[in-house]
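Nothing here was measured: the structure is a model prediction, and the numbers come from that model.
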Amino acid sequence: QVHLVESGGGLVQAGGSLRLSCAASGRTFSTFTMGWFRQAPGKEREFVAAISWGSGRTYYADSVKGRFTISRDNARNTVYLQMNNLKPEDTADYYCAARAGSGTYYYSTSYDYWGQGTQVTVSS
């Protein structure tokens, strides 16, 4: 089984930055797609960003393009989400997810494994 643990959430001012981490364990992730999703209060879970572990190719939701950057550290088996110029609407619980193989990255149902989430609150 794959185990994912998110960290790095917290309270930040609008315009500030935060870096989330997702520590992955349990398997080799070279063929995995890793994703970040978020869920705000009263809203559905939405796609934020994804990365192909092997190639490093990245994908972003339009709402975060130019502000968020997803990356991975092979040696640490860790995926990061660097969030810059944060806005109050970024406030949500952020979840790390993983799926074996490549393919669909946008839909949460495409992912096999999920972390417990980390809360991000952006004040105005």
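- Not a single ring pair (Phe, Tyr, Trp, His ring centres under 6.0 Å) links Y107 to another residue, sequence neighbours left out.
- Taking OH of Y80 as the reference point, atom OG1 of T69 lies at 14.0 Å (rounded to 0.5 Å).
- Of all heavy-atom pairs spanning L4 and Y113, the tightest one is CD1-O, 3.6 Å.
- To the nearest 0.5 angstrom, K65 atom NZ is 9.5 Å from T58 atom OG1.
- Within the 4.5 Å cutoff, the side chain of I51 has heavy atoms near those of the V79 side chain.
- Placement of V48 and L86 within a single hydrophobic cluster is found when ILVMFWY residues are connected by side-chain heavy-atom separations under 4.5 Å, directly or transitively.
- In terms of modelled atom types and a separation under 3.5 Å, the side chain of S110 and the main chain of S108 share no donor-acceptor contact.
- Hydrophobic side-chain contacts under 4.5 Å tie V5 to no other Ile, Leu, Val, Met, Phe, Trp or Tyr residue.
- With hydrogens and angles ignored, the 3.5 Å screen pairs no side-chain donor or acceptor of T78 with any backbone N or O of D73.
- In this structure, K87 has no side-chain hydrogen bond (donor to acceptor under 3.5 Å, both in side chains) partners at least two apart in sequence or on a different chain.
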Contacts table for residues 7-31: side-chain donor-acceptor under 3.5 angstrom, sequence neighbours left out:
| from | atom 1 | to | atom 2 | distance (Å) |
| --- | --- | --- | --- | --- |
| Q13 | NE2 | S123 | OG | 2.9 |
| S17 | OG | N84 | OD1 | 2.9 |

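- Residues D112 and F32 are not in side-chain contact: their nearest non-hydrogen atoms beyond the backbone lie 4.5 Å or more apart.
- In this structure the side chain of W53 reaches within 4.5 angstrom of the side chain of N74, judged on heavy atoms.
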Criterion side chain to side chain contact (heavy atoms under 4.5 Å, CB included) on T118 and Y95, from CA distance to verdict = CA-CA 7 Å; T118 185; Y95 298 89; over 6 Å; no

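- Here the OG1 atom belonging to T104 is positioned 11.0 Å from the CZ atom belonging to F47, to the nearest 0.5 angstrom.
- Each of L81 and W114 belongs to its own hydrophobic cluster when Ile, Leu, Val, Met, Phe, Trp and Tyr are linked at side-chain heavy-atom distances under 4.5 angstrom.
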Show me, pair by pair, the donor-acceptor contacts under 3.5 angstrom made by side chains of residues 34-46, not counting sequence neighbours?
| from | atom 1 | to | atom 2 | distance (Å) |
| --- | --- | --- | --- | --- |
| R38 | NE | E46 | OE2 | 2.7 |
| R38 | NH1 | D90 | OD1 | 2.8 |
| R38 | NH1 | Y94 | OH | 2.9 |
| R38 | NH2 | E46 | OE2 | 3.3 |
| Q39 | NE2 | K43 | O | 3.1 |

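- Judged as a ring pair (Phe, Tyr, Trp, His ring centres under 6.0 Å), and not counting sequence neighbours, Y60 has no contacts.
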